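Okay, so here's the structure we're looking at.
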Number of protein chains: 2
Amino acid sequence: MTGETNRKPTSFDVARRAGVSRSAVSRAFTPGAAVAEDTRKKVLAAAEELGYRVNSLARGLQGDHSGIVGVLASRLDTPVRARQVQLLAQSLIRDGFRPMLVTAENPDDVAGLFDTLLGYSVAGVVVTSDTPPQSTIEACRKTRVPVVLINRDAVVGWGDRVISSPDRSGQMALCMLRSSGATRFGVLEPQGHTFSVTGRANAFKEAAGACVCLTSKDQSYSAARAAVSAVGRAEVARVDGLFCATDLMAIGALDGLRLDLGLNVPKDIQVVGFDDIEQASWGAYDLSTVRQDLEAQADIALDLLKSRTETPDLPIRTEFVPLTPIYRSSTKS
Amino acid sequence: MTGETNRKPTSFDVARRAGVSRSAVSRAFTPGAAVAEDTRKKVLAAAEELGYRVNSLARGLQGDHSGIVGVLASRLDTPVRARQVQLLAQSLIRDGFRPMLVTAENPDDVAGLFDTLLGYSVAGVVVTSDTPPQSTIEACRKTRVPVVLINRDAVVGWGDRVISSPDRSGQMALCMLRSSGATRFGVLEPQGHTFSVTGRANAFKEAAGACVCLTSKDQSYSAARAAVSAVGRAEVARVDGLFCATDLMAIGALDGLRLDLGLNVPKDIQVVGFDDIEQASWGAYDLSTVRQDLEAQADIALDLLKSRTETPDLPIRTEFVPLTPIYRSSTKS
DNA sequence: TTGAAAGCGCTAACAA
DNA sequence: TTGTTAGCGCTTTCAA
């Protein structure tokens, strides 16, 4: 029984074995199709014996989508992104979709990769990072492929969005620091522009009025730590309430503040982050932060996708994700 | 120009516009096919104008695989897994494959989900977590679908493997602790059995001889921390060299040791982890560990997949991933 | 409720 | 090098 090669059984094989037509087989595997319960059972039994499974490629070729959903996600090894993708994948799978992961190593690759997705007759595309090229988005619109953007800028003409309001995020962070007694504010943000990250940093600055701005090379732990350390103790001491645009950066800042500059958090300076990644709750950091509800994010994304599939001509929508202040010991209260 | 719905152009449309046959179009899009450079250009131009892209579903239906590779990966929000999947996805994409992510929320779902992968005529399956059902593996063998197992037990009859040798992992950890002056060893491992995690813990025990064993509920930070704290200072103080089966657990242990038990690492007790996740290098932990080379892991997995595709009847192989000792400040040297 | 027949968009074998 | 032809495995009218 070892070593033999079998051809995959087709609906034809099943049909013959069950003594019915191929249409009957197709119906037996189509939820809600008109089949006699009796035939259905015969078909299922025959299929079981033969080890038959529906060929999704053929089914997708026939119907108007393959059930595959493209998931654009770079920097997957970042805690937030990993969790986003995990939850998104689970939601999609739960609903019978299949996530196809597209990670670009190089931003220039995004266009081409996204483009090939369309060749799989995807049921939709979810974008969690990178900015897809306008031309491809346009192709999605024309062929009525739903696009959902997570924490991204609005894309002209097509794409529903689910976002954590940058304004409310920045304001909530400020509010947390204020209510913990901070009065001289600072913000740490990465270079370059991102809708959500830069957005909430700006909202924080605007709400705070006077504000010391620190800039790190990117969103990484090490860049954030280096940025804080480079500024030096004297300069940092002018601030007693620091908002870091992401938890990862906040954790880098915490290590910079304590380990490199010898400051005491929260006594000398209080720190608030954003996201509530798992690491924020680790004992050594215990970081106060603004949590964005990623479960809700995933569910909303899925809802937008499904409703858009049913009614392609719906106006374009923007949904907001719940935010919660989480007080831990990097702030005083 | 807004609101119109277009049908997707097919190779037929392109053929007509370029004044050639559909085969010519097909050839123009097949690397290494016999086409005159001139025709190829005409076709590409026409395709560009029409916004045509090859329908991978149809292509996959015709050929023997769709270019999709199933990636089985649960607990994606764990640092190691996230990085594994990221690197794997990049390697696959670089070679023209498309990773389809399968995350099971519930272990019972794995079987069904894995099964549906076969319906997409996958070019292969990579397993990074969970244990796929024997029956499906058998189906893969029969239909010659390559299976690559990462840090998993051998599966009867089919599946190439890439692993970090549990024996060498455990031994290397012990060696690190010994060379840093530890003499009384302990190991922290999670309940349940996993090929790699349990494997290296056992190898460590065996090589160490006498050894205090701590068990945590699972592989999480919090379970590890709780396990260490629950044991108490007196008991833990009997150990001066602790190996934790993963970095995540080691970090939990570190917080338990320092924050909950008030011990000094590395003075009172030295700690070594496994994986070298990014967090291990964070200032607050600075954990000594055994690094498994995840880049190599991904590349080897891809190689196994490709070679198996070319030569399905190759004997089953097991490849090893490079291991490197990383000394940081949770050990004395 | 069932079956026959017509494609879905593509590639591969064959002939020209 | 090119075009013609025959499917890949499925779903879906349309009649029965």
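The model shown is predicted, which means the values in this text are computed figures rather than measured ones. Here is the naming used below: chain letters follow the sequence lines, and residue numbers restart at 1 for every chain.
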Result block: side-chain N/O donor-acceptor pairs under 3.5 angstrom for residues 35-44 of chain B, not counting sequence neighbours:
{"unit_1": "B/E37", "atom_1": "OE1", "unit_2": "B/R40", "atom_2": "NE", "d": "3.4"}
{"unit_1": "B/T39", "atom_1": "OG1", "unit_2": "B/A36", "atom_2": "O", "d": "3.1"}

Check residues 95-104 of chain A and write down every donor-acceptor pair under 3.5 Å in which the side-chain atom is one partner and the other belongs to a residue at least two apart or another chain.
{"unit_1": "A/D95", "atom_1": "OD2", "unit_2": "A/K306", "atom_2": "NZ", "d": "2.7"}
{"unit_1": "A/R98", "atom_1": "NE", "unit_2": "B/T116", "atom_2": "OG1", "d": "3.4"}
{"unit_1": "A/R98", "atom_1": "NH2", "unit_2": "B/T116", "atom_2": "OG1", "d": "3.0"}

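In this structure, CD of B/E37 is placed 16 Å from C1' of D/dT2, rounded to the nearest angstrom.
At the heavy-atom level, B/A34 lies under 4.0 Å from base atoms of the strands shown.
The backbone N or O of B/F12 lies less than 3.5 Å from a partner atom in the side chain of B/T10, making a donor-acceptor pair. In this structure a side-chain-to-backbone donor-acceptor pair under 3.5 Å is missing from A/S56 to B/Y120. Using a distance-only test at 3.5 Å, with no hydrogens or angles considered, no donor-acceptor pair links the side chain of B/W158 to the main chain of B/K142.
Taking A/R53 as the reference, B/D115 meet the salt bridge (Lys or Arg N to Asp or Glu O under 4.0 Å) condition, with sequence neighbours excluded.
Terminal axes of the helix from C/dT1-D/dA16 to C/dA16-D/dT1 (five pairs each, C1' rotation axis) are separated by 30°, to the nearest 10°.
For the pair A/R161 and A/F195, the distance from NZ or CZ to the six-membered ring centre is under 6.0 Å and the angle to the ring normal is within 45 degrees.
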Applying side chain to side chain donor-acceptor pair (under 3.5 Å), run through A/R81 and A/Q84 and close with a yes or a no. CA-CA 5 Å; A/R81 186 85 65 229; A/Q84 277 180 326; 3.1 Å; yes
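What you find for B/A33 and B/R27 is that their closest heavy atoms are CB-O, 3.6 Å.
A 4.0 Å heavy-atom criterion places the boundary nucleotides of DNA chain C facing chain B at C/dG9 to C/dA13, written 5' to 3'.
B/R7 and B/D13 are joined by a salt bridge, as a carboxylate oxygen and a charged side-chain nitrogen come within less than 4.0 angstrom of each other.
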I'd like a list of close polar pairs between nucleotides 10-13 of chain D and the protein, N/O only, cut-off under 3.5 Å.
{"unit_1": "D/dC10", "atom_1": "OP1", "unit_2": "A/Y52", "atom_2": "OH", "d": "2.6"}
{"unit_1": "D/dC10", "atom_1": "OP1", "unit_2": "A/N55", "atom_2": "N", "d": "3.4"}
{"unit_1": "D/dC10", "atom_1": "OP2", "unit_2": "A/S11", "atom_2": "N", "d": "2.4"}
{"unit_1": "D/dC10", "atom_1": "OP2", "unit_2": "A/S11", "atom_2": "OG", "d": "3.0"}
{"unit_1": "D/dC10", "atom_1": "O2", "unit_2": "A/Q62", "atom_2": "NE2", "d": "3.4"}
{"unit_1": "D/dC10", "atom_1": "N4", "unit_2": "A/R22", "atom_2": "NH2", "d": "2.1"}
{"unit_1": "D/dT11", "atom_1": "OP1", "unit_2": "A/R59", "atom_2": "NE", "d": "2.5"}
{"unit_1": "D/dT11", "atom_1": "OP1", "unit_2": "A/R59", "atom_2": "NH2", "d": "2.7"}
{"unit_1": "D/dT11", "atom_1": "OP2", "unit_2": "A/S26", "atom_2": "OG", "d": "2.7"}
{"unit_1": "D/dT11", "atom_1": "O5'", "unit_2": "A/S26", "atom_2": "OG", "d": "3.3"}
{"unit_1": "D/dT12", "atom_1": "O4", "unit_2": "A/S23", "atom_2": "OG", "d": "3.2"}

